[in-house]
Colleague: 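Take a look at this one; I'll ask things after.
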Amino acid sequence: MGEAIRSGGGDGDGDGQGPRAIRTVADLKEWQPGSLVSDVQVCGWVRSVRKSSSVRFVDITDGSSMRPLQAVVDKTLAAEYVSPRPGIMTSAAVRLKGVWHGGASRAAPSVESRGASLARSSTPGTQPSAGKPGPGDPTHSSGQAPSPSAVPGPPAQAEEAACATGADLGQASITAELRVSEVEVLGSSDPQTYPIQNKYQTPESLRAMSHLRPRTPINSTLLRLRSDAMAILGQFFSHEQFQQTHPPIITSSDCEGAGEAFTVKSGGTSDFFRDPKYLTVSSQLHLEALAQALGNVWALSPTFRAEQSDTSRHLSEFYMLEAEMSFVQDMDEVMDLAQRMLASLATGLGQRRASRELERHRLDSRDPAERLAFEDLVDAKELRQRWRGLMSPIRWPRVTYTEAIGILEPAAHAFEHKPVWGSGLQSEHEKYLAEKIGYDEASDAFLPIFVTQYPRDIKAFYMPQSERPPPQGQTVDCFDLLVPNLGELAGGSMREYRLAELEDNMRLHGLEVPTHRKARSNDMGWYLDLRRWGCPPHGGFGLGFDRLLSYLTGVANVRDVVPFPRHFERCDC
Ligand SMILES: NC(=O)C[C@H](N)C(=O)O
């Protein structure tokens with residue numbers, strides 16, 4: 001929006017900030033001033049153009065809402081913007097100015113002038129008879145298949161409200177729309193070559209053009225939801241008095257020791273950093289250092305794994321949300337934090353536009369292409385069970401690894417890999433456990449589950465031994481958070497805070513134990529230093545942010561919730 005118009009209405013997107021300037025298409029669509037408002041300006045991209053005998057219906061989007069705004073451009077005015085001049089074409093960037101008609105009834109349109117006064121009778125497109133074209137009417141100026149919105153769709157929120165207003169007054173209502181008097185084409189487009197079509201495109205084909213994919217309605221909504229999630233998490237941790245930090249991306253060691261780190265090289269012949277360095281696989285060790293100075297800390301950082309896993313759950317570059325709590329003795333407190341955080345995130349997202357749109361438009365979509373795109377997502381019923389579980393007031397189930405093996409053993413025939421005490425849980429085991437233990441019949445919800453105390457030999461060197469291990473063998477104080485369909489969403493642990501015990505663990509894991517920190521060394525001397533001077537008991541967790549988003553939205557492949565996915569053999573643009 002070019003002009004800041006103050007809405008007297010609600011806060012628009014549940015951010016609790018009260019009335020605010022109308023800046024976006026989404027704001028405008030929700031704005032019902034009760035009278036016509038002139039000099040309203042919209043900047044955006046043309047999603048589609050439909051023709052009627054006297055006007056052009058131009059659907060405009062600016063990425064702020066899933067459904068476009070309808071702009072009505074008089075045929076003669078639109079004709080000024082045809083070849084060879086840049087035209088009002090699909091995907092062109094435009095600035096439109098005109099009279100906003102949002103929520104007024106047919107019987108009482110009065111113009112509230114803002115700047116240049118606009119007499120209704122003399123303004124093209126302000127006649128109340130405009131409205132949407134009938135089903136037989138739409139034609140497509142771009143020459144492409146009819147757009148989603150060419151089929152008269154369900155009313156968007158503002159339109160619903162507008163209808164309600166008319167009904168309340170016992171008067172007919174009209175579609176909320178901008179009746180355009182001025183057009184400026186800011187960036188022209190050739191719809192014949194534009195690769196995003198107004199028809200169903202598979203997730204795979206869209207992935208092959210990740211630079212254009214965010215322009216599709218569902219993908220742009222997913223990216224807004226991603227942005228909402230970051231904002232809500234920021235609020236959550238600030239409220240919990242955690243400090244947000246920026247741990248390094250280039251590190252001197254591979255924290256988890258699993259040999260999955262990418263090595264950083266410069267173009268020159270010699271090592272830029274003297275020794276080989278790596279892209280971080282986890283910020284945990286650096287967060288531990290920061291937690292010893294700042295108290296509780298968190299970070300949402302890019303993380304890299306050179307795993308050659310070509311699955312729908314793996315990315316080579318992903319965002320990990322990591323939290324580290326100081327002065328914590330009981331791992332339950334760390335798990336409580338993870339549950340509180342996810343409950344607050346789901347609750348917050350539920351009040352935001354992006355998640356509401358995904359839910360509502362899945363139900364009200366009438367466009368076959370959009371319906372097909374929604375069908376790529378996990379079933380709506382299951383999605384509701386996931387959200388109910390995340391927001392549930394019930395404490396999520398906590399079972400030990402040993403108990404989990406006991407639950408898996410009777411179902412061993414159903415698995416490709418036999419569940420055996422001492423081996424890691426396979427993703428098929430994790431999914432089974434999450435569904436079996438996590439389903440709460442009373443609330444028809446999938447509660448995420450914590451599996452705790454894994455065998456020491458299969459876990460990282462920084463995890464402390466459990467005080468009361470099972471007869472099968474030594475375990476460590478750690479947990480994985482499992483959810484249906486996806487398996488592991490987060491992993492955390494207490495950290496071994498005693499120097500001697502940590503050194504023993506390192507030896508057990510075959511790691512070199514340096515005696516002191518050497519400058520410019522790749523060893524773990526600095527990490528051991530943290531245990532020398534005032535290290536309190538502490539613990540934390542790391543959660544795959546992209547996996548979480550795919551769980552929340554029902555997007556089957558984690559590659560479709562990140563704007564530019566990087567995975568085995570693919571790093572396209
Ligand atoms: N911060 C964490 O606890 C995450 C853990 N280091 C991991 O990579 O799984």
Side-chain angles (χ1 to χ4, degrees), residues 233 237 242-249 251-262 278-292 294-307 309 313-326 328 331-339 341-342 401 424-425 427 430 448 450-456 458-464 476-483 486-497 502 505-506 509 511 524 526-527 530 537-548 558:
L233 288 165
F237 279 112
F242 277 59
Q243 308 300 319
Q244 185 171 13
T245 60
H246 284 156
I249 303 296
T251 61
S252 58
S253 59
D254 167 3
C255 147
E256 305 291 320
E260 296 160 354
F262 286 99
Y278 311 94
L279 292 180
T280 185
V281 296
S282 160
S283 299
Q284 178 200 320
L285 306 192
H286 294 92
L287 285 183
E288 284 187 61
L290 295 168
Q292 277 189 41
L294 297 171
N296 293 343
V297 293
W298 77 288
L300 179 56
S301 276
T303 309
F304 308 84
R305 304 253 167 124
E307 269 178 278
S309 315
R313 302 179 312 134
H314 288 91
L315 291 167
S316 314
E317 175 184 297
F318 59 99
Y319 272 75
M320 179 128 76
L321 191 170
E322 299 185 87
E324 204 60 37
M325 299 172 89
S326 274
V328 163
M331 196 167 72
D332 278 329
E333 284 186 48
V334 184
M335 291 188 276
D336 289 345
L337 174 74
Q339 175 164 356
M341 179 193 81
L342 288 169
Y401 165 89
L425 295 180
S427 131
E430 293 176 337
F450 290 104
V451 177
T452 65
Q453 269 92 17
Y454 283 67
R456 181 182 61 188
I458 56 169
K459 284 293 179 178
F461 72 94
Y462 50 72
M463 298 179 180
V476 284
D477 286 341
C478 67
F479 64 84
D480 276 359
L481 181 64
L482 310 182
V483 290
L486 259 182
E488 184 191 336
L489 195 58
S493 76
M494 298 306 290
R495 319 304 189 189
E496 180 53 78
Y497 67 100
L502 182 59
N505 280 359
M506 289 177 77
H509 281 83
L511 298 172
M524 299 293 288
W526 71 272
Y527 186 64
L530 299 177
H538 61 287
F541 63 83
L543 176 142
F545 183 62
D546 312 287
R547 274 193 194 176
L548 171 62
V558 75

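Predicted, not measured: the structure shown is a model, and the values here were computed from it. Because only heavy atoms are used, hydrogens play no part in the values below, and waters and symmetry mates are left out as well, while side chains stay in. Each ligand, and each atom within it, is numbered from 1 in the order the structure gives.
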Colleague: Quick check on the 6.0 Å ring-centre criterion: do Phe242 and Trp298 meet it?
Modeller: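 Distance test on ring centres: not under 6.0 Å, no.
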
Colleague: Closer than 4.0 Å to some heavy atom of Gln284 - which atoms of ligand 1 meet that?
Modeller: 1 (N), 2 (C), 3 (O), 5 (C), 6 (N)

Colleague: Check whether any side-chain heavy atom of Ser427 sits under 4.5 Å from a side-chain heavy atom of Arg313, and report yes or no.
Modeller: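 Yes, side chains in contact.
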
Colleague: Enumerate the atoms of ligand 1 whose separation from the nearest heavy atom of Phe541 is less than 4.0 angstrom.
Modeller: 1 (N), 2 (C), 3 (O)

Colleague: Check the pair Arg547 / Phe318 against side-chain contact (heavy atoms from CB on, under 4.5 Å), numbers first and verdict last.
Modeller: CA-CA 9 Å; Arg547 274 193 194 176; Phe318 59 99; over 6 Å; no

Colleague: Just jot down the ligand 1 atoms closer than 4.0 angstrom to any heavy atom of Gly491, in number order.
Modeller: 3 (O)

Colleague: Assess the side chains of Asp477 and Gln453: does a donor N or O sit below 3.5 Å from an acceptor N or O?
Modeller: yes

Colleague: Should you measure from each heavy atom of Gly542, which atoms of ligand 1 turn up under 4.0 Å away?
Modeller: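 Under 4.0 Å from Gly542, ligand 1 has these atoms: 1 (N), 2 (C), 3 (O), 4 (C).
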
Colleague: Applying side-chain contact (heavy atoms from CB on, under 4.5 Å) between Met494 and each of Met325, Met331, Glu333, His538, report the one that passes.
Modeller: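 When Met325, Met331, Glu333, His538 are each tested with Met494, the side-chain contact (heavy atoms from CB on, under 4.5 Å) holds only for Met331.
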
Colleague: Under a 4.5 Å cut-off applied to non-hydrogen side-chain atoms, are His286 and Thr280 in contact?
Modeller: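 No. Closest side-chain heavy atoms not under 4.5 Å.
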
Colleague: Within the structure, is a non-hydrogen atom of Met320 found at a distance of less than 4.0 Å from ligand 1?
Modeller: yes

Colleague: Can a non-hydrogen atom of Tyr462 be found less than 4.0 Å from any atom of ligand 1?
Modeller: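 Per 4.0 Å heavy-atom rule, Tyr462 contacts ligand 1.
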
Colleague: Say whether Arg305 and ligand 1 are in contact under the criterion: heavy-atom distance to a ligand atom below 4.0 Å.
Modeller: yes

Colleague: Do Gln292 and Leu530 touch side chain to side chain, with heavy atoms closer than 4.5 Å?
Modeller: yes

Colleague: Any N or O on Ser282 sitting closer than 3.5 Å to an N or O of ligand 1?
Modeller: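 For ligand 1, there is an N or O atom that lies under 3.5 Å from one belonging to Ser282.
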
Colleague: Give a yes/no verdict on whether any heavy atom in Arg495 is under 4.0 Å from an atom of ligand 1.
Modeller: yes

